[in-house]
Amino acid sequence: MTTGYVYHEIFGWHDTGTHAGLFPSNPAAGLQPLVHVENAETKRRLHELLVVSGLADQLVRLAPRAATEEEILRVHDRAHLDRVRAESLLPKGGDAGDGLSPFGQGAYEIAALAAGGAIVAVDAVLDGVVDNAYALVRPPGHHAEPQTGMGFCIFGNVAVAVRHAMAARGIERVAVLDWDVHHGNGTQKAFYADPDVLTISLHQDDVFPPRSGYRDERGEGAGLGSAVNVPLPAGSGDGAYLYAMDTVVVPALRAFEPQLVLVASGFDASAMDPMARQMVTSEGYRALTERLLDTAADLCGGRVVMSHEGGYNPSYVPFCGLAVIEAMAGVRTLDDPFLPIVSGFAGQDLQPHQREAVDAARSLLK
Ligand SMILES: Cc1nn(C)c(C)c1/N=N/c1ccc(/C=C/C(=O)NO)cc1
Ligand SMILES: [Zn+2]
């Protein structure tokens with residue numbers, strides 16, 4: 001398999017600051033300047049592991065380009081784009097829109113490059129230059145809604161790439177699988193009334209955005225049934241995620257018959273992530289990827305494009321990302337040294353209450 005890879009050092013220059021919008025340093029209250037979880041380090045370390053493992057040499061390097069205004073406006077309102085661009089001109093930057101997502105000067109150009117990176121990956125797959133592709137972009141995008149950024153996201157990278165595939169490349173049906181541990185609310189909202197875009201989100205139940213990603217969020221109007229949500233209980237590990245993949249995601253994809261599959265690929269469902277309480281291991285991510293690729297091979301010539309989202313443990317995200325991209329390229333390089341620890345956690349296998357949660361989601365499939 002030939003796998004495309006998008007990365008650019010400037011993604012590491014996106015400045016998310018030291019206050020996360022709500023927690024400015026306050027010595028009298030014991031608050032030190034924050035090390036923001038959404039920082040460059042985790043993505044840089046994944047990139048460097050791809051290089052050091054030798055896997056990068058087996059990937060087709062794709063240079064990102066900036067998404068144009070027109071491409072961003074296929075998903076976002078003019079007001080959102082203009083506000084981000086205006087605040088991005090300020091020396092101290094601004095916020096993506098929810099007050100929790102600060103950014104520095106020049107963030108507009110970096111966010112446009114992230115969305116454009118996902119577009120470049122889609123074009124390389126649709127042009128047959130590569131079989132599949134991974135866009136290691138930053139800032140993430142899956143929380144960004146048409147009218148506002150949110151949860152560290154400025155523009156909906158995946159949503160912009162979906163609209164590009166449909167408007168500029170004539171693709172008629174696109175499926176998005178979001179395995180980031182947080183609900184893919186932005187992508188869901190962009191296509192909630194669109195029957196030609198299937199959005200599937202696997203996420204820890206009710207973490208972020210608050211009260212978002214419930215099973216009964218299934219789409220609206222012509223789009224009813226085109227959104228699938230699988231909220232999973234805290235503590236869900238490889239067994240629960242693979243059961244959800246096998247009994248909900250794969251059947252939904254087979255029924256929808258997409259011509260292209262995008263993945264909002266976050267690794268914050270991992271067993272070592274600070275932002276949630278799931279237990280997925282690198283081998284769990286590898287198995288999820290293999291199942292997805294097998295399904296995509298049957299449905300759409302294996303056309304799968306992944307765009308990086310969350311994932312905040314700088315030691316473990318690299319090995320989770322390595323496992324996914326190895327599966328995409330069909331090779332193995334370095335073993336995950338943390339695997340003996342995390343795979344040994346009690347409860348990695350499917351638990352009754354997790355089976356019930358997945359079965360409840362499956363019962364709502366159209
Ligand atoms: C709610 C709420 N209220 N307050 C006061 C705060 C500070 C709240 N959470 N902020 C969050 C919590 C989690 C994320 C995860 C993003 C990600 O990794 N997505 O993939 C972003 C912001
Ligand atoms: Zn996340």
Side-chain angles (χ1 to χ4, degrees), residues 11 14 16-26 29 31-43 46 95-103 107 111 114-115 118 135-145 148-159 176-190 199-214 229-232 234 236 241 244 262-280 284-285 288 306-314 316-317 320-321 324:
F11 293 140
H14 174 56
T16 49
T18 61
H19 57 77
L22 289 171
F23 306 108
S25 51
N26 179 350
L31 251 176
Q32 304 173 54
L34 282 184
V35 175
H36 197 300
V37 285
E38 206 296 301
N39 61 59
E41 211 40 37
T42 299
K43 287 83 177 175
L46 168 50
D95 185 279
D98 65 349
L100 304 175
S101 310
F103 57 66
L136 180 53
V137 298
R138 180 171 178 257
H142 73 143
H143 293 310
E145 301 188 343
T148 182
M150 187 187 295
F152 316 149
C153 304
I154 296 175
F155 299 134
N157 306 325
V158 166
V176 179
L177 171 60
D178 185 322
W179 64 39
D180 185 287
V181 78
H182 303 102
H183 178 227
N185 61 293
T187 316
Q188 174 176 295
K189 190 160 193 176
T199 60
I200 307 172
S201 182
L202 305 181
H203 46 273
Q204 182 178 331
D205 189 12
D206 211 341
V207 172
F208 187 83
R211 295 171 300 286
S212 183
Y214 293 161
N229 282 290
V230 188
L232 293 167
S236 295
Y241 272 77
L262 277 89
V263 176
S265 175
F267 295 112
D268 37 15
S270 92
M272 296 175 71
D273 201 275
M275 292 298 282
R277 290 297 172 272
Q278 304 298 52
M279 305 202 308
V280 181
Y285 284 114
L288 287 171
M306 299 203 187
S307 187
H308 197 82
E309 298 284 356
Y312 302 104
N313 183 308
Y316 205 46
V317 163
C320 295
V324 166

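Indexing begins at 1, ligand by ligand and atom by atom, following the structure's order. The structure presented is a predicted model; accordingly, all values stated were derived computationally and were not measured.
Draw a line from the Zn ion (ligand 2) to OD1 of Asp180 and another to ND1 of His182, and the angle between them is 100° (to 10°).
The ring-ring contact (aromatic ring centres under 6.0 Å, His included) check on Phe152 picks up His36, with sequence neighbours excluded. With sequence neighbours excluded, the residues satisfying side chain to side chain contact (heavy atoms under 4.5 Å, CB included) with Ala159 are Val75, Ala190, Phe191. Residues passing the side chain to side chain contact (heavy atoms under 4.5 Å, CB included) test with Ala264 are His142, Val158, Asp178, Glu309, sequence neighbours excluded.
Note: Tyr214 and His183 fail the aromatic proximity criterion, with ring centroids not under 6.0 Å apart. Taking the six-membered ring for Trp and the full ring otherwise, Tyr316 and Phe267 have centroids separated by 6.0 Å or more.
Under the 4.5 Å side-chain criterion, counting only non-hydrogen atoms from C-beta, Gln278 is in contact with Leu232.
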Using a cut-off of under 3.5 Å, which N/O atoms of ligand 1 pair up with protein N/O atoms, and what distance separates each pair?
from	atom 1	to	atom 2	distance (Å)
ligand 1	18 (O)	His182	ND1	3.1
ligand 1	18 (O)	Asp268	OD2	3.1
ligand 1	18 (O)	Tyr312	OH	2.5
ligand 1	19 (N)	His142	NE2	3.3
ligand 1	19 (N)	His143	NE2	2.7
ligand 1	19 (N)	His182	ND1	3.2
ligand 1	20 (O)	His142	NE2	2.6
ligand 1	20 (O)	His143	NE2	3.3
ligand 1	20 (O)	Asp180	OD1	2.9
ligand 1	20 (O)	Asp180	OD2	3.0
ligand 1	20 (O)	His182	ND1	3.3

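Between the side chains of His203 and Asp180, not a single donor N or O lies within less than 3.5 Å of an accepting N or O.
The Zn ion (ligand 2) lies at 2.8 Å or more from every N, O or S atom belonging to Glu309.
Atom OD2 is the N/O/S atom of Asp268 found closest to the Zn ion (ligand 2).
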